[in-house]
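These notes concern the structure reproduced below.
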Amino acid sequence: MKSLSPSIPSSLRIFREKRITATIMALFAAGMSAALAQQAHVSYAQAVARARQIVAKMTLDEKIAQLHGIQDATDFRVVPGLPRLGIPALHMTNGPAGVGPGGAGPQKPATAMPAPVALAATWDPELARAYGKLEAEETRSLGSQLFEAPDVNIARVPQGGRVFESFGEDPYLDGRIAVADIEGIQSTGMLANVKHFVANNQESARHTVNEVIGERTLREIYMPAFEASIEEAHSASVMCAYPKVNGAYNCENAPLLTGVLKKEWGFDGFVISDWGATQSTVASALAGLDLEMPTGRFFDGKLKEAVESGRVPLATIDGMLVRRFAKEIEFGLFGPQPKPVPIPAFEHGSVAREIAEQGMVLLKNEGNLLPLDHATARTVALIGPYAVRPSTGGGGSSHVIPLYTITPDDGLYAAVDWQHMRLSVWDGSDVDAAVQAAKRAQVAIVMVGDQDTEGRDQSLKLPVAQNELIEAVAKANPKTVVVVKSGSAVLMPWIDSVSAVLEAWYPGEEDGRAVADVLTGKVNPSGKLPITFPRSVEDTLASNPEQYPGVNGEVHYSEGLDVGYRSYAAHHLAPLFPFGFGLSYTEFGFDALKVSKGPGAAGATVSFKVTNTGKRAGAEVAQVYLGFPSIAEGDEPPLQLKGFRKVMLKPGESKMVEVKLDARAFSYWSEKAHAWNVAQGEFHVMVGDSSANTPLQANLVIR
Ligand code: BGC
């Protein structure tokens, strides 16, 4: 049995008492004014003019040196400066789950935030804004100017190794979280870097795979979050992805980089290659890649030769430089910099904690076993590998060295009133001992999890013998709570034998306290799944290898628009837990749906009432889905998320919610017109608390 001495410094305990939301608001206000001051000094047009003057003074060698990163004993993840012309070095740092340990030299710790998938599960753009802002402040504190985030790739398969870095399977939710996150990042004067453009949706063969994706599917599923990141949030930079799309590598894909991104969406920032994703010199330079990272394999001597031989016009490389310099000048990065402040570890930790709490999804709660109650849970056995070590994040480039960690057992120990409750802790390595402890306790809590990582797709099965551990404990004690700390959906073969399940994702460095706050009811869970949890692997695209993971180097996106819950609805398949689902310690009711036309010929306003019908304060995420009329070019999936609102309600309280849908909400991508077209006919409007439960329904004719 593990010793129970609490290891939380007393400074932290005092901090717990502070109003966290107030902290977030104050941090945000301070950042906004700094950002406004920054923006005030130079317009984009002025920045372009200044960038052009600088480029005009550069020699060809100097230009080439500014078009790729370097890596040496003292530095990497950097484009070196050119002091002669006042060009500063551009340091980049990894995201999106917190600030990565940086280039060469001592590895630097930062706040290990809850995984981005947990952020998406909050369905709260204001928390996404706070998330991005905090990370960008730490980017500055650790000496960088560009934060490699957010990752807005769609979770096409739950097996994806980077699903934990993403905002889930729905393009609309993805876009809403991404826009707020980028605005938060850039409010500090740091550069965001939305990635990976486009369709980096699996790790298997990511460097070489050719993805065959229809135009309409690309436009409706894989591009919208990028489009919103550019058009609404004005991301300063974009990272092009490893795979090929329809035969061309992303970083030399002219129709995508120049055609869609720069011309159609008006992207005025710069395109950076993912690390090692550049595959050519001339094709990449002509296609719209502006900067090769991490080093100059193609954009060094080879690019110089290509310019000298006339295969790449000088004007093209001047344009690449102007794009980057202008953005940096616009963001105030060419002048004196605000002094980085040391990371306020516990203040930032409290933001991480609140977001982790708001992202947790209560999946099952039979007999209201949760929250833990002094009367019915006087003795608790806390069991499992993830009960004794914090789940601070996934693996790969998003890895963060945490500033501190709160272990699950310490967090729970500190949250509970021990005069009334007793806790024993077991790591689960000795299954018999854990089972005996579960038998003796009134309630057993099993904490399980995984460690997904970039570079490798993953199994939906919980690793090692964690399923067996849960089965054994549940057999010994029917009042078993399972807390899952996973980066994506996992299979739950034991679901019927346990009483409660909480999906906590990777909660980050504040794991222990965040999970304890939800288990003890200090926080009422309000997270909703941003990805569908399947019943079996066969219900995912993995049942057809041509779709995933691919055959002979090719992946066919032949499911088209039927991704995630769209597919479950189209095939009348019941998932284990549907997209948008999540329980609360209270209950909510929906009524009084009104759908009216306008503003605009193809706009609509959806209004309805949400009521807290239970006995605790809590938040509900009201979700608005649309079903489309039949379309000659091919039908849309049965339902698609088009709006949502998170509403906080006291017991018995009701609020009217109004969601406005613009013309885009009613549009499909026409492959004939190569444009968005408003679908004509009768739409089905569905409102509810998940993609599988929409009690309010109405029809609306759009002509
Ligand atoms: C990027 C990642 C990328 C990785 C390769 C990083 O710097 O931000 O998204 O895939 O390099 O490990």
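Every number for a ligand or one of its atoms is a count from 1 in the order of the listing. Residue indices begin at 1 and follow the sequence shown.
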Compute the minimum heavy-atom distance from [X] to ligand 1 and say whether it is under 4.0 Å.
{"X": "Met239", "result": "yes"}
{"X": "Arg162", "result": "yes"}
{"X": "His196", "result": "yes"}
{"X": "Met92", "result": "no"}
{"X": "Arg206", "result": "yes"}

Part of Asn193 within contact of ligand 1 (heavy atoms, under 4.0 Å): neither

Ion pair present between [X] and [Y], side-chain N to carboxylate O less than 4.0 angstrom?
{"X": "Arg324", "Y": "Glu328", "result": "yes"}
{"X": "Glu126", "Y": "Arg129", "result": "yes"}
{"X": "Glu232", "Y": "Arg176", "result": "yes"}
{"X": "Asp511", "Y": "Arg389", "result": "no"}
{"X": "Arg156", "Y": "Glu559", "result": "yes"}

Considering only non-hydrogen protein atoms, determine which one is nearest to atom 3 (C) of ligand 1 and report residue, atom name and distance to 0.1 Å. Asp274 OD1, 2.7 Å

the protein heavy atom lying closest to atom 5 (C) of ligand 1 turns out to be Glu454 OE2, 3.1 Å

For ligand 1, which atoms have a heavy atom of [X] less than 4.0 angstrom away?
{"X": "Tyr242", "answer": "5 (C), 10 (O)"}
{"X": "Glu148", "answer": "1 (C), 6 (C), 7 (O), 8 (O)"}
{"X": "Arg77", "answer": "7 (O)"}

Worked verdict on Tyr172 versus Trp123 for ring-ring contact (aromatic ring centres under 6.0 Å, His included): CA-CA 11 Å; Tyr172 181 77; Trp123 293 59; 9.0 Å; no

Identify the heavy atoms of Lys262 and Gly288 that sit nearest to each other, and give their distance. NZ-O, 2.7 Å

Short question: side chain of Gln279, backbone of Glu252 - any donor-acceptor pair under 3.5 Å? no

